[in-house]
> 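Right, I'll just put the structure down here and ask away after.
Computed from a predicted model, the values in this text were never measured in an experiment.
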Amino acid sequence: MYRREQSFGIQMLSVQPDTKPKGCAGCNRKIKDRYLLKALDKYWHEDCLKCACCDCRLGEVGSTLYTKANLILCRRDYLRLFGVTGNCAACSKLIPAFEMVMRAKENVYHLDCFACQLCNQRFCVGDKFFLKNNMILCQTDYEEGLMKEGYSTQVR
């Protein structure tokens with residue numbers, strides 16, 4: 001199933017003293033503050049551009065907002081409400097759509113589950129890992145498995 005995220009950028013602009021005050025899309029009052037936000041081709045007070053679910057100020061939590069079903073949302077709430085959840089390939093438990101994950105081919109893992117499935121060694125950024133028979137393996141366990149199978153690990 002193809003899912004298209006409706007994400008939009010947020011710009012913080014300084015108000016020029018010699019320009020006519022702009023109207024806020026949230027409260028309909030004139031923006032007389034030093035800064036304003038521009039999003040969805042409209043202008044907003046910093047306090048008025050908020051997530052419809054958690055009320056966080058979207059200008060503070062990032063430079064992107066999400067819209068769906070006439071809601072303006074932060075990334076976390078957008079994914080919580082409309083994201084795709086799945087199961088971890090290692091522990092089979094649910095992975096919420098907003099949670100950070102690791103991927104190996106079509107497999108998805110919790111960050112804590114992304115470890116060698118034989119020795120439980122956790123991987124750091126840049127570490128080599130191998131996917132064999134749908135199992136994540138560290139280099140040592142992968143090479144030991146190849147030796148047991150009679151294959152050579154020498155690079156030609």
> Can you tell me if His110 uses its side chain to pair, donor with acceptor, with the backbone of Leu94 under 3.5 Å?
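Side chain of His110 to backbone of Leu94, a donor-acceptor pair under 3.5 Å: yes, one is there.
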> Could you list the residues that satisfy side chain to side chain donor-acceptor pair (under 3.5 Å) with Glu60, not counting sequence neighbours?
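Checked Glu60 against side chain to side chain donor-acceptor pair (under 3.5 Å); matches are Arg57.
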> Do the non-hydrogen side-chain atoms of Thr64 and Arg75 ever get within less than 4.5 Å of each other?
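They are not in side-chain contact.
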> Could you tell me whether the side chain of Leu111 reaches within less than 4.5 Å of the side chain of Cys113, counting heavy atoms only?
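No, every pair of side-chain atoms sits at 4.5 Å or beyond.
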> Using the side chain to side chain contact (heavy atoms under 4.5 Å, CB included) rule, take Ile72 and Leu40 through it: C-alpha gap first, then chi angles, then the decisive distance, then the call.
CA-CA 10 Å; Ile72 296 175; Leu40 303 170; 3.8 Å; yes
> Between Trp44 and Cys27, is there a side-chain heavy-atom distance shorter than 4.5 Å?
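Not in contact.
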> When you compare the side chain of Leu79 with that of Tyr66, does any pair of heavy atoms fall below 4.5 Å?
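Not in contact.
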> Are Phe114 and Met100 connected into the same hydrophobic cluster when the rule is that any two of I, L, V, M, F, W, Y join if their side-chain heavy atoms are below 4.5 Å apart?
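Cluster IDs for Met100 and Phe114 match.
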> What's the spacing between Lys93 NZ and Asn87 CG if we round to 0.5 Å?
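Answer for the NZ-CG pair, Lys93 versus Asn87, is 11.5 Å.
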> What is the distance from atom NZ of Lys148 to atom CG of Leu146, rounded to the nearest 0.5 Å?
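It comes to 11.0 Å.
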> Can you see which heavy atom on Lys30 is nearest to which on His45, and at what distance?
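Looking at all heavy atoms of both residues, the shortest contact is O-NE2, 3.4 Å.
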> With a 4.5 Å cut-off on side-chain heavy-atom distances among I, L, V, M, F, W and Y, is there a chain of contacts connecting Met135 to Phe130?
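In one cluster with Met135: Phe130, yes.
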> Calculate, to the nearest 0.5 Å, the distance between atoms CD and SG belonging to Glu46 and Cys24 respectively.
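Going from the CD atom of Glu46 to the SG atom of Cys24 covers 11.0 Å.
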> Please find the pair of heavy atoms, one from Ala52 and one from Leu71, that lie closest to each other, and give the distance.
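For Ala52 versus Leu71, the nearest heavy atoms are CB-CD2, 3.9 Å.
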> Can you tell me how far apart OH (Tyr109) and CD1 (Ile95) are? Round to the nearest 0.5 Å.
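Going from the OH atom of Tyr109 to the CD1 atom of Ile95 covers 9.5 Å.
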> For Pro21 and Ile31, work out which heavy atoms get closest and say how close.
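Heavy atoms of Pro21 and Ile31 come nearest at CB-O, 3.7 Å.
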> Please say yes or no: joined through hydrophobic side-chain contacts below 4.5 Å, possibly via intermediate residues, are Leu131 and Leu137 part of one cluster?
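Hydrophobic grouping puts Leu131 apart from Leu137.
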> Looking at CD of Gln139 and SG of Cys116, how far apart are the two atoms once the value is rounded to the nearest 0.5 Å?
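That separation rounds to 11.5 Å.
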> With a 4.5 Å limit on heavy-atom distance, are the side chains of Cys51 and Arg76 in contact?
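No; the side chains remain at least 4.5 Å from each other.
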> Taking the side chain as C-beta and beyond, is there a heavy-atom pair between Phe123 and Cys138 under 4.5 Å?
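Yes, close enough: below the 4.5 Å cut-off.
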> Only one of Leu73, Leu37, Leu49 passes side-chain contact (heavy atoms from CB on, under 4.5 Å) with Leu65; say which it is.
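It is Leu49, the one option of Leu73, Leu37, Leu49 that forms the side-chain contact (heavy atoms from CB on, under 4.5 Å) with Leu65.
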> Would you say the side chain of Cys53 lies within less than 4.5 Å of the side chain of Leu81, judging by non-hydrogen atoms?
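They are in side-chain contact.
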> Can you tell me how far the SG atom of Cys48 sits from the CG atom of Asn28, to the nearest 0.5 Å?
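Going from SG on Cys48 over to CG on Asn28, the span is 9.0 Å.
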> Do the non-hydrogen side-chain atoms of Met102 and Asn107 ever get within less than 4.5 Å of each other?
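Not touching, per the 4.5 Å side-chain cut-off.
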> In this structure, would Met12 and Phe8 fall into the same cluster of hydrophobic residues linked by side-chain contacts under 4.5 Å?
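Linked, Met12 and Phe8 end up in one cluster.
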> Can you check whether Cys74's main-chain N or O pairs, donor with acceptor, with Asp77's side chain at less than 3.5 Å?
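Here the side-chain-to-backbone pair does not exist.
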> If you group Ile, Leu, Val, Met, Phe, Trp and Tyr by side-chain heavy-atom gaps below 4.5 Å, do Leu118 and Ile136 land in one group?
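No: no chain of side-chain contacts under 4.5 Å links Leu118 to Ile136.
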